[in-house]
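The block underneath contains the structure these notes are about, expressed in structure tokens.
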2 protein chains.
Amino acid sequence: MTTRPGPRERLLDAARELTYSQGVQVGVDAILKQADVARRSLYQHFGGKDGLVAEVLRSDDNLDRYRRVMDEAGDDPRERVLAVFDELDAITSQSSFRGCRYTAAELTLTDPGHPAHAEVRAFKEGLHRLMAAELTRHGHPAADAGADQLLVLIDGVLAHAVTRPGARPALAARALAEAVLAARA
Amino acid sequence: MTTRPGPRERLLDAARELTYSQGVQVGVDAILKQADVARRSLYQHFGGKDGLVAEVLRSDDNLDRYRRVMDEAGDDPRERVLAVFDELDAITSQSSFRGCRYTAAELTLTDPGHPAHAEVRAFKEGLHRLMAAELTRHGHPAADAGADQLLVLIDGVLAHAVTRPGARPALAARALAEAVLAARA
DNA sequence: GGCGGCGTATACCGATCGTTCTATCTACCT
DNA sequence: AGGTAGATAGAACGATCGGTATACGCCGCC
């Protein structure tokens with residue numbers, strides 16, 4: 001039998017799942033119960049709920065997931081970018097889809113001093129770099145502005161899918177992504 | 001001197017302001033204090049906090065605001081649609097901008113039974129009709145799908161502007177809105 | 001002129017929030 | 001073997017949550 005992960009990992013897993021399905025405002029008790037971890041361990045490892053929430057965002061493999069999707073799509077930058085929107089269509093069609101974890105955290109945590117905000121920014125920054133690199137390889141004349149457009153599309157899909165269930169916004173966005181890719185020097 | 005609005009109006013005004021700046025999770029006490037209203041009046045008029053929050057969303061003049069912006073842009077459907085994104089650029093550039101009220105409510109209130117969800121859907125539905133009508137007047141071959149694209153752009157701008165302050169996503173989206181408008185039969 | 005409806009003010013309810021504390025137990029290190 | 005660090009269990013903290021109850025004042029209406 002495999003050894004059970006330590007309390008730190010169990011806390012992160014439980015928090016990742018519960019803060020997504022129930023929102024970041026989920027109670028500490030619920031996280032502790034699902035992680036089957038002593039109360040003290042949370043404050044030992046993360047200093048408090050805020051630290052745990054921030055670490056959940058920081059340690060998320062969301063960026064890797066984007067990378068993986070693009071790598072599976074082959075070498076052509078155009079196909080790689082469009083594959084992202086195909087994946088978004090699949091994700092937003094799942095019944096368990098509850099929106100973008102980062103956008104939700106940003107909108108819910110109104111305290112500007114919350115450590116989660118820095119992680120949200122870091123993630124979006126990383127995603128922007130990822131897309132800009134792809135556009136550069138594609139020969140886009142303004143990769144930075146193009147990446148801005150792709151990010152607006154991605155955030156738009158993730159936000160819109162929550163409010164209009166049947167709309168398939170990723171398909172709409174995919175067509176616009178093609179317009180982004182059509183820009184040539 | 002003008003007569004002071006009744007408790008119902010004062011509650012709505014206070015709730016509208018505080019649920020935006022502090023999020024829907026703002027306490028009832030804070031709303032009561034700002035509205036300068038007795039506790040009982042809230043439950044008398046709205047049945048509870050959930051009812052008040054839902055009524056804030058329902059009574060919002062956000063859709064009228066979109067209409068007004070387009071009307072001020074003249075008669076050409078193309079100019080009217082693009083004016084929306086100019087307005088979005090202005091809105092998201094304000095320091096008081098805290099994101100889209102509806103998206104935030106949808107993401108924060110994870111209880112699917114909350115009455116606010118119906119109001120969010122109604123608003124997005126109305127906005128979709130508004131944009132589809134404009135595209136139809138413009139001669140767009142698939143006004144419905146085009147409106148989906150515009151809504152993704154709008155939601156994307158409002159969501160992205162919160163997480164990347166200096167990005168001016170409305171400008172990026174405006175260029176893509178031109179691509180939507182370029183579709184011809 | 002009394003009476004009901006509305007608004008105010010405040011006390012209070014149980015529940016839950018995030019956090020701290022005490023105490024006990026276990027595993028590993030030398 | 002002894003000791004230390006980390007984990008567990010659980011009580012308890014003060015604060016705040018949404019909601020209810022009680023008591024009082026004001027005003028119009030029959």
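These values consider heavy atoms only, across backbone and side chains, with no hydrogens, waters or symmetry-generated copies. As the structure is a prediction and not an experimental result, all values here were calculated from the model. Naming: A, B, ... by sequence-line order, numbering from 1 per chain.
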Does any part of the side chain of Val69(B), heavy atoms only, come nearer than 4.5 Å to the side chain of Asp86(B), both counted from C-beta? no
If you round to the nearest 0.5 Å, how far is CE of Met131(A) from NE2 of His140(A)? 13.0 Å
Please check this pair: side chain of Ser41(B) against backbone of Val37(B), looking for a donor-acceptor N/O pair closer than 3.5 Å. no
Donor-acceptor under 3.5 Å (Thr108(B) side chain, Ala105(B) main chain): no
Could you tell me whether Arg174(B) and Asp89(B) make a salt bridge, using a distance below 4.0 angstrom between a side-chain N and a carboxylate O? no
Could you tell me how far apart Leu11(A) (CG) and dG6(D) (P) are, to the nearest whole angstrom? 15 Å
Taking Thr19(A) as the fixed residue, which of Gln25(A), Lys49(A), Arg101(A) is the one that meets the side-chain hydrogen bond (donor to acceptor under 3.5 Å, both in side chains) rule? Arg101(A)
Contact class for Arg10(A) vs. all strands (heavy atom < 4.0 Å): base, sugar-phosphate, or nothing? sugar-phosphate
So that I can tick it off, tell me whether Arg80(B) and Glu134(B) are bridged by a salt bridge, with the cut-off set at under 4.0 angstrom between side-chain N and carboxylate O. yes
From Arg16(A) atom CZ to Ser21(A) atom OG, the distance as rounded to the nearest 0.5 Å: 13.0 Å
Euclidean distance, atom NZ of residue Lys33(B) to atom P of dT8(C) [Å, nearest integer]: 17 Å
Secondary-structure notation, DNA chain C, from Watson-Crick and G-U pairs under 3.5 angstrom (| other strand): ||||||||||||||||||||||||||||||
Under 4.0 Å from OP1 or OP2 of dC6(C): is there any side-chain N or O of His45(B) that close? no
Arg121(B) with Glu106(B): basic N within carboxylate O range, under 4.0 Å: no
Please state whether the phosphate of dG6(D), meaning OP1 or OP2, lies under 4.0 angstrom from any side-chain nitrogen or oxygen of Ser41(A). no
Can you give me the closest heavy-atom contact between Ala38(A) and Leu32(A), atom names plus distance? O-CD2, 3.9 Å
For nucleotides 13-27 of chain C, just jot down a letter per nucleotide in 5' to 3' order: B, S or -, based on protein non-hydrogen atoms under 4.0 Å. ----SSBB-B-----
Distance check needed: dA9(D) C1' versus Gln44(A) CD, whole Å only. 15 Å
Whole angstrom is fine here: how far is it from CD in Glu9(A) over to C1' in dA7(D)? 16 Å
Regarding Asp36(A) and Arg4(A), does a basic nitrogen lie under 4.0 Å from an acidic carboxylate oxygen? yes
Residue-level proximity of residues 101-118 of chain A to DNA chain D when a heavy atom falls under 4.0 Å: none
